[in-house]
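Per chain, numbering begins at 1; letters A, B, ... match sequence-line order.
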2 protein chains.
Amino acid sequence: MEYVEAKNKFIQTWGSLGSQWGINKTMAQIHALLMVSAEVLSMEDIMEELHISRGNASMNLRALIDWGIVYKEYKPGERREYFAAEGNLDELARKIAKERSKREIKPTIRVLKEVSDIATEDHQQAAHFKAKTAELYDFVSRADNMLEKITAQKENWITKTIFKLMS
Amino acid sequence: MEYVEAKNKFIQTWGSLGSQWGINKTMAQIHALLMVSAEVLSMEDIMEELHISRGNASMNLRALIDWGIVYKEYKPGERREYFAAEGNLDELARKIAKERSKREIKPTIRVLKEVSDIATEDHQQAAHFKAKTAELYDFVSRADNMLEKITAQKENWITKTIFKLMS
DNA sequence: TTAAACTTTCAGTACTTATTGAAAGTTTTG
DNA sequence: CAAAACTTTCAATAAGTACTGAAAGTTTAA
């Protein structure tokens, strides 16, 4: 396979992976493009490379910056903004984990707590519901906690975690 | 909050969580409903409770069964099929992790390997691309490996993992 | 074997989400 | 200050995804 073809394939794959994870395709593609680019890119560069509109590029770049996985860069003497992806993969994974926890897991935990707090009623259905959601609350809280623990270490957490799990 | 209201809130929340994770809303809602139901439910029951059509119920139940997190049950002397959710949360999480690894992570790893295998060219761009995708390949492989390790234990893996990580 | 009781399939349609592009906004420079 | 060079916003629309419902398929019982 040749460079241009490989690059394109990578961007497509990363993009479709994004959609499966609830991240929009363009956002994931921009991220992929920035990750494998040797140089920082301008919005114009990104629009051209991915064949997307200015508005689309602008909105998704902002989202990536909100997630903390893309940075703005300025070249001395130039007005135009350039963009670069977080280069450290540990850091990237940590930021994604943190963001998803904040946006999805934490709110779910809150709802689980809330709904499992209904008064204990006499009928079996309500009792079962209460028990089951309480169990879920416990489980999801622990899982979230584990995620925090795993990604707490700044350097090489995957390797360290695997090592610990093997002991 | 009262039982019916709590139950509804839980189903809605679980459903929207589903969409954020690339699982369709109805599929997640059916799963939620089955999880908190004290009794097994028929397709008719599910259609009525969630206000969905027969076709929708049928397709999403099949998908849940494919994932291995919902089972068919038969009542003696009855023709009709009933459905129940996997009750053990450890088992549920393990099956979801396994399925997502198979469907998403493994194919991504394959592409990463493929694209990082381009011939080393002389220009800087291609060299950078090769290096970056190779790094990603390494990282994602390790992460997938870690997921396998974590969910390998059948009982109480969250607790065990947290315990190990604290040591 | 036929009818009844049920489930699955899928073309059409509804709904949701992403994208465009032009107008409005912002910053910089002369 | 005005114009140039750029970015952001958002209403309209396109694209993608899920849902319906009726017809076809399957299984069971008589």
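Looking at the side chain of S58(A), the nearest of the listed nucleotides dT8(C), dC19(D), dT8(D) is dT8(D). Taking only side-chain atoms of K72(A), from C-beta outward, the nucleotide of dT8(C), dC6(D), dT8(D) with the closest atom is dT8(D). Closest to the side chain of R79(A), from the set dT9(C), dT28(D), dA4(D), is dA4(D). The side chain of N24(A) lies closest to dT19(C) when the candidates are dT8(C), dT7(D), dT19(C). Of the listed nucleotides (dC19(D), dT20(C), dT7(C)), dT20(C) has the atom at the smallest distance from the side chain of I52(A). Side-chain proximity of S53(A) to the nucleotides dG21(C), dT20(D), dC6(C) is greatest for dG21(C). Which of dC19(D), dC10(C), dT8(C) sits closest to the side chain of M59(B) comes down to dC10(C).
Between E78(A) atom CD and dC6(D) atom C1' there is a gap of 12 Å when expressed in whole angstrom units. What separates CD1 of I46(A) from P of dT19(C) is a distance of 14 Å, to the nearest Å. The CE atom of M27(A) sits 16 Å away from the P atom of dT17(C) (whole-angstrom rounding). In this entry the distance linking CZ of R54(A) with P of dA23(C) reads 15 Å, nearest Å. Going from atom CG of N60(B) over to atom C1' of dT20(D) covers 13 Å, rounded to whole Å. Atom CG in D45(A) sits about 12 Å away from atom P in dC6(D), given to the nearest Å. Across the protein-nucleic acid pair, E73(A) atom CD and dT7(D) atom C1' stand 18 Å apart, rounded to whole Å. We find that CD1 of I30(B) is positioned 9 Å from P of dC19(D), with the value rounded to whole Å.
A centroid separation of less than 6.0 Å is found between the aromatic rings of F129(A) and Y3(B). Taking the six-membered ring where the residue is Trp, the centroids of Y71(B) and F83(B) are separated by 6.0 Å or more.
Residue contacts shown for S19(B) are absent, as no nucleic acid heavy atom lies under 4.0 Å away. Across all strands shown, N56(B) has heavy atoms under 4.0 Å from base atoms, whether or not it also approaches the sugar-phosphate.
Toward the 5′ end of DNA chain C lies the nearest nucleotide of G55(B), the other residue of the pair G55(B) and G55(A) mapping further downstream. Nearest-nucleotide positions on DNA chain D place R80(A) closer to the 5' end than the other of K25(A) and R80(A).
Geometric assessment of R100(A) against the ring of W67(A) yields a negative cation-pi assignment under the 6.0 Å and 45° thresholds.
Salt bridge present: R103(B) and E99(B) bring a charged side-chain N and a carboxylate O closer than 4.0 Å. Contact check on K7(A) versus E49(A) returns a salt bridge, with a Lys/Arg side-chain nitrogen under 4.0 Å from an Asp/Glu carboxylate oxygen.
For R62(A), a side-chain nitrogen or oxygen approaches OP1 or OP2 of dT9(D) to under 4.0 Å.
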